[in-house]
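Chain naming here is simple, since letters A, B, ... match the order of the sequence lines and numbering starts at 1 in each.
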Amino acid sequence: MDDVLDEVFERTLKKSVFKNRRVLLPDYIPPTLLHRDEEIRRLGLVLAPSLKGEKPSNVFIYGLTGTGKTAVAKYVLDKLVKKAGELGVRTRYVYVNLRQRDTPYRVLADIAEALDLRIPFTGLSTGEVLGRIVKRLNLLEDTILIAVLDEIDFLVKKHGDDLLYKLVRMNSELKDSSISLVGITNNIYFIEHLDARIKSSLGEEELVFSPYKTDQLIDILKSRAEEAFIPGALENGVIELCASYAAKEHGDARRALDLLRIAGELADRLGEDKVVLEHVKMARVELEKNRLTEITRTLPLHGKLVLLSVIQSTLAGRRYGTTGEIYDIYKRTAIDIGLDPVTLRRVSDILSELDMLGLISARLISRGRYGKTRVVSLESDAKTIINVLSEEPFLGESSILDRIMKSLGI
DNA sequence: CCTCCACTGGAAACCTAGGCTC
DNA sequence: GAGCCTAGGTTTCCAGTGGAGG
């Protein structure tokens, strides 16, 4: 037994294609950002007044995922704050991702924390938190706070633009301090459904990030690979393949880096001393599987049940199910395992949510006399989903999953 | 050209579990 | 402990609606 383990340990410890795997992780900000000089310069230009103690304009940054919006924002602000420190100007910044912190309260709590305030995770009114921030900023005289609100469209979609309005208006209550907003979104149409008051004040400046071209992706991957891998660890063409896969996904650099990293991890796991093209292809499959597992796992219970019902509705050789059919199946399953089923209205919403997550495709069609409904089909691997669902106590112990697996021939 | 199906999607309100202040 | 806050998931109610079949 020991020998087996020893071998595993040896293998992981001794040989690795990596020199420094960290530089390939999504939240790593490299010391220099390639092919974003213009964007860096322009954002710097907008925010530079803070070095003279003046309030910078609010900025809006648009661009698809993996175009370096977050990286550029963090990069510029890190440098800005450092420079401000040297000059003795009080400039701070907060970075908040509004997809993860998608309520007004949590956003305010994060901003408050950046000002060294302690805020409980629930209990206070948003107005109270806002008030404390104002008080704090007035106490810290001449402080310029820059709040980076990443994926800002998520908050607005769920809770409206009230918070943005309040944050913008907060400046009128501040004496010598100020707050500026940097909004980041990958939804170009986002600004259109903003209130006119906010649109004008938040969009004082606008930056648009265009996707990376394949050769730019290659540059980026090469420079990171030099840091990340030991020399000679990459077969010729590995980087190019990662780049071309990612270029197909609208030049998404994050995806390119993920592919490269996972390809490397696969090589390590297989005990090979070189990353080859085949590893990249495997990495692509793995990446999709991880995403699916992660999303499915974090689904609320009824979301999982509805997803399972979608699988069942497409079981008997059918390509899609309708909302009504899926609801019937769902209801039966829920009662079967001793759960109160939710209403059709709710299931309708859950189906939309699953669609947005990309797990299923739900297209709205009208079948004339036979009413309007959503045509739902599974867009992901049923086997992976069922594996995750079997972790669920309610489902794991029932025989439903076994039955489905049999029908699927797994 | 009109009807009417099978839902969709908006709005408000409810419920549970948490936490503040006084 | 009262009274008032929050987040999330949900229920209740209801006014639409695209287009096949009459």
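With sequence neighbours left out, Glu391(A) forms a side-chain hydrogen bond (donor to acceptor under 3.5 Å, both in side chains) with Arg297(A). Checked against side-chain hydrogen bond (donor to acceptor under 3.5 Å, both in side chains), Glu265(A) has the following partners two or more places apart in sequence or in another chain: Arg21(A), Arg261(A). Judged as a side-chain hydrogen bond (donor to acceptor under 3.5 Å, both in side chains), and not counting sequence neighbours, the contacts of Arg345(A) are Asp349(A). In terms of the side-chain hydrogen bond (donor to acceptor under 3.5 Å, both in side chains) criterion, residue partners of Arg132(A) (sequence neighbours excluded) are, by chain and number, Glu128(A).
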Going by atom type alone, with no hydrogens or angles, which donor-acceptor pairs under 3.5 Å involve a side-chain atom of residues 78-90 of chain A and a protein atom two or more places apart or on another chain?
from     : atom 1 : to        : atom 2 : distance (Å)
Asp78(A) : OD1    : Tyr93(A)  : OH     : 3.1
Lys79(A) : NZ     : Tyr75(A)  : OH     : 3.4
Arg90(A) : NH1    : Glu141(A) : O      : 2.7

For residues 358-372 of chain A, please give each side-chain donor-acceptor pair under 3.5 Å, one per line with the distance, not counting sequence neighbours.
from      : atom 1 : to        : atom 2 : distance (Å)
Ser366(A) : OG     : Gly368(A) : N      : 3.3
Arg367(A) : NH2    : Tyr370(A) : O      : 3.4

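One interatomic measurement links the two molecules: OH of Tyr370(A) to P of dT3(B), which rounds to 19 Å at whole-angstrom precision. In this structure, the CZ atom of Arg363(A) is 16 Å from the P atom of dC7(B), given to the nearest Å. Atom CG in Asp355(A) sits roughly 12 Å away from atom P in dT8(B) (whole-Å rounding). Between Tyr320(A) atom OH and dA6(B) atom C1' the separation is 14 Å, expressed in whole Å. In this structure, CG of Leu305(A) is placed 15 Å from C1' of dT10(C), rounded to the nearest angstrom. Put simply, CG on Leu301(A) is 12 Å from P on dG9(C), counting in whole angstrom units. Rounded to whole angstrom, the span from the CD atom of Glu353(A) across to the P atom of dG8(C) amounts to 13 Å. Rounding to whole angstrom units, CD1 of residue Ile365(A) and P of dG18(C) are separated by 14 Å.
Heavy-atom distances under 4.0 Å link DNA chain B to Arg345(A), Ser348(A) of residues 344-352 of chain A, given in residue order. Within residues 326-340 of chain A, no residue has any heavy atom under 4.0 Å from DNA chain C.
Applying the salt bridge (charged side-chain N to carboxylate O under 4.0 Å, His left out) definition to pairs two or more places apart or across chains, those involving residues 25-37 of chain A are Arg36(A)-Glu39(A). Judged as a salt bridge (charged side-chain N to carboxylate O under 4.0 Å, His left out), the pairs with a partner in residues 284-293 of chain A (not counting sequence neighbours) are, in order, Arg269(A)-Glu286(A), Glu288(A)-Arg291(A). Applying the salt bridge (charged side-chain N to carboxylate O under 4.0 Å, His left out) test to every pair with at least one member in residues 210-227 of chain A, sequence neighbours left out, gives no pairs at all.
For Tyr62(A) and Phe209(A), the ring centers are positioned 6.0 Å apart or more.
The listed nucleotides are dC20(B), dA7(C), dG9(C); the one nearest the side chain of Arg132(A) is dC20(B). Checking dA7(C), dC4(B), dT10(C) against the side-chain heavy atoms of Arg369(A) singles out dC4(B) as nearest. Across dG9(C), dG16(C), dT12(C), the shortest atom-to-atom separation from the side chain of Lys372(A) is found for dG16(C). When distances are taken from the side chain of Val342(A) to each of dG18(C), dA7(C), dT10(C), the shortest belongs to dT10(C).
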Just the atom pairs and distances: protein N or O near nucleotides 12-16 of chain B's N or O, under 3.5 Å.
none

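Between His302(A) and Tyr330(A), the ring planes lie perpendicular to each other; the angle is over 60°, past the 30° to 60° tilted range.
Counting distance only, with no hydrogens placed and no angle test, the side-chain atoms of Arg374(A) and the base atoms of dT8(B) include no donor-acceptor pair under 3.5 Å.
The nearest pair of heavy atoms linking Tyr212(A) to Ala253(A) is CE1-CB, 3.6 Å.
Taking side-chain N and O atoms only, Ser366(A) has no distance below 4.0 Å to OP1 or OP2 of dC7(B).
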